[in-house]
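Residue numbers start from 1 in every chain, and the chains themselves are labelled A, B, ... in the order their sequence lines are given, proteins ahead of strands. FYI, side chains are in, hydrogens and waters are out, and symmetry mates aren't considered; it's all heavy atoms of this structure.
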Amino acid sequence: MDSGVRVRLAPSPTGSPHVGMIRTALYNWLFARGRGGTFIVRIEDTDQARLVEGSVEEMLGSLRWLGIDWDEGPDIGGPNAPYYQSERLEGYRRVAEALVERGAAYRCDCAPERLAEVRKASGGYDRHCRERGLMEGDSPSVVRFAMPLDGRTVLDDLIRGTVAFENGLVDDFVALKSDGFPTYHLANVVDDRAMGISHVFRGEEWLPSSPRHLQIYDALGWEPPRFAHLPQILAQDRSKLSKRHGATSVREYREMGYLPEAMVNFLALLGWSLDGKTEVMSADELKRVFTLERVSRSGAMFDAKKLEWMNGHYIRQASHERLADALLEYWEAFPQGGVSPLPEREALLRVAPLVRERMKTLQDAAPLLGFFFQDEVEYDTAELAQKGMDAAGTREALIRALDALEGLEAFDGDSIEGALRALAGELGIKAGQLFGSIRVAATGLRVAPPLFGTLEALGRERSLSAIQKAADRLAG
RNA sequence: GGCCCGUUCGUCUAGCGGCCUAGGACACCGCCCUCUCAAGGCGGAGAUCACGGGUUCGAAUCCCGUACGGGCUACCA
């Protein structure tokens with residue numbers, strides 16, 4: 001079973017996990033799971049200033065919610081623990097020293113002000129300290145990697161093919177900061193090596209720094225993993241997706257009532273396709289068919305409308321049990337938009353199917369089902385009279401409906417429909433007019449679940465009493 | 001500015017030299033179905049394949065250039 005595939009997600013805990021990060025996680029996971037590989041989560045918390053409390057938990061929580069599981073990680077440990085870079089400092093320091101000893105890196109004590117000036121003048125670092133031979137402790141210093149001055153670094157990207165970079169154009173970047181923490185470049189390489197990572201799938205924004213990583217591997221005599229740079233996820237205006245474009249974190253989508261299976265399917269399709277025709281695929285299917293060859297090279301715009309459609313699709317095809325459980329779980333997690341108190345699962349099981357084809361998100365359920373769980377429905381008396389009918393006529397119709405429904409043998413949808421249709425004929429009004437009045441009486445809504453199923457679910461007693469009340473209101 | 005990546009309907013994409021008068025999906029429009037709203041069915045509109053040169057009997061597909069878009073250019077990731 002061991003294919004030698006070892007991939008990893010290396011998030012930086014600086015806030016809510018962005019959908020782009022989650023898609024990267026998904027592709028890594030699908031790749032590993034489809035090949036009997038190992039999926040690792042490693043926290044890259046090397047920037048002390050940008051740490052955001054709780055982001056690791058949110059990241060892990062989002063992955064779990066989506067059904068993405070990992071074999072080694074900060075919460076479960078593993079053979080390569082620890083999985084927080086802040087706890088692996090000694091390793092980076094050792095490698096940095098080794099690099100200095102080999103002449104592949106050097107200490108630099110240039111002041112920030114000087115750095116800024118040089119950058120302004122020439123656009124980068126001028127390698128001022130490269131030949132100074134500074135030792136650790138001479139003064140506060142960083143370790144910079146000494147890029148080769150000539151030649152090119154060639155990356156064989158699994159998605160983009162061959163990409164070459166002129167070494168002389170790449171800065172002598174900082175590998176170890178003065179606070180003893182490594183930068184991404186160093187830590188990433190050291191850990192990917194230590195953890196035996198075979199493939200690195202990461203966002204396209206890393207492409208320009210890949211020659212740095214390749215050079216570090218080379219200087220250390222290490223074999224680099226294979227790289228694949230994933231296309232970016234874009235906002236509606238084709239710029240990088242960010243907060244000002246609305247929801248960007250998985251948590252927000254969960255809160256808006258999206259199903260994890262829809263989210264996974266949708267995200268998988270953002271930058272990857274099976275054949276251009278097959279769109280709906282479960283996570284298990286995706287694991288089987290996902291390949292890097294079919295990942296696209298261009299950025300993909302996040303189409304919220306399509307996500308919405310897909311979510312509706314998953315809601316419609318969910319089993320009654322799955323839907324009821326999803327709603328219960330959702331309402332429990334986000335009570336504001338739910339039904340409270342939480343209904344019994346049994347009761348929900350009976351009524352949720354009535355509205356599932358009119359839902360796009362779980363949020364849509366409560367407004368449509370709320371009346372089932374209330375003693376009293378609320379509405380404007382004026383809503384009762386349908387188009388072309390007056391109050392007296394409506395009242396008459398409701399009272400007649402009461403009779404018709406009372407005498408029903410079985411109180412089920414078909415019987416109710418039959419009785420009501422016959423009644424409308426007798427009264428000489430359109431079926432829609434009668435149904436509309438009863439709908440408002442029973443549900444308090446103009447847009448509601450299908451009437452006959454609704455009355456059946458409500459039961460004879462509640463249905464009749466609601467209609468009676470409506471008739472009474474019309475009497476006034 | 002420099003370096004790198006990208007460019008097929010509004011959007012996600014199929015296409016890897018002839019099957020393309022460019023296919024599918026979302027969104028949009030119309031019709032049907034219909035107790036409201038949906039869902040569903042059927043149909044429509046929508047892409048001079050960014051542009052310009054090549055290569056070839058033949059190019060959306062290969063090559064070059066240009067334009068445009070994006071990313072990177074921190075002791076951030």
Q: Look through every strand shown and name the nucleotide pairing with C28(B) as Watson-Crick or G-U wobble, where both distances are under 3.5 Å.
A: G44(B)
Q: So, does Arg144(A) get its side chain near the phosphate of C75(B), meaning an N or O under 4.0 Å from OP1 or OP2?
A: yes
Q: Does the plane of the ring in Trp206(A) sit parallel, tilted or perpendicular to the ring in His185(A)? Use 30° and 60° as the thresholds.
A: perpendicular
Q: Has Ser273(A) got a side-chain N or O lying under 4.0 Å from the OP1 or OP2 atom of A14(B)?
A: yes
Q: Using the six-membered ring wherever Trp is involved, compare the ring planes of Phe266(A) and Phe302(A) and label them parallel, tilted or perpendicular (cut-offs 30° and 60°).
A: perpendicular
Q: Side chain of Leu169(A) only, heavy atoms from C-beta on: which candidate in C3(B), A39(B), C5(B) is closest?
A: C3(B)
Q: Measuring to OP1 and OP2 of A39(B), would you say a side-chain N or O of Lys360(A) lies under 4.0 angstrom away?
A: yes
Q: For the atom pair CD1 (Ile216(A)) and CZ (Arg193(A)), what is the distance rounded to the nearest 0.5 Å?
A: 13.5 Å
Q: Would you say the ring centers of Phe181(A) and Tyr92(A) fall short of 6.0 Å from each other?
A: no
Q: C4(B) and A45(B): how far apart are their P atoms, nearest whole angstrom?
A: 44 Å
Q: Does C76(B) have OP1 or OP2 sitting under 4.0 Å from an N or O in the side chain of Lys177(A)?
A: yes
Q: Does Arg358(A) contact U36(B) through a side-chain donor or acceptor facing the base, at a distance under 3.5 Å?
A: yes
Q: Tell which nucleotide pairs with U36(B), taking only Watson-Crick or G-U wobble pairs whose two distances are both under 3.5 angstrom.
A: none
Q: Counting only side-chain N and O atoms of Thr46(A), is one of them less than 4.0 Å from OP1 or OP2 of A77(B)?
A: yes
Q: By nearest atom, which of the nucleotides U36(B), C5(B), C75(B) is closest to the Val447(A) side chain?
A: U36(B)
Q: Across all strands shown, which nucleotide pairs with G6(B) by Watson-Crick or G-U wobble geometry, both distances under 3.5 Å?
A: C68(B)
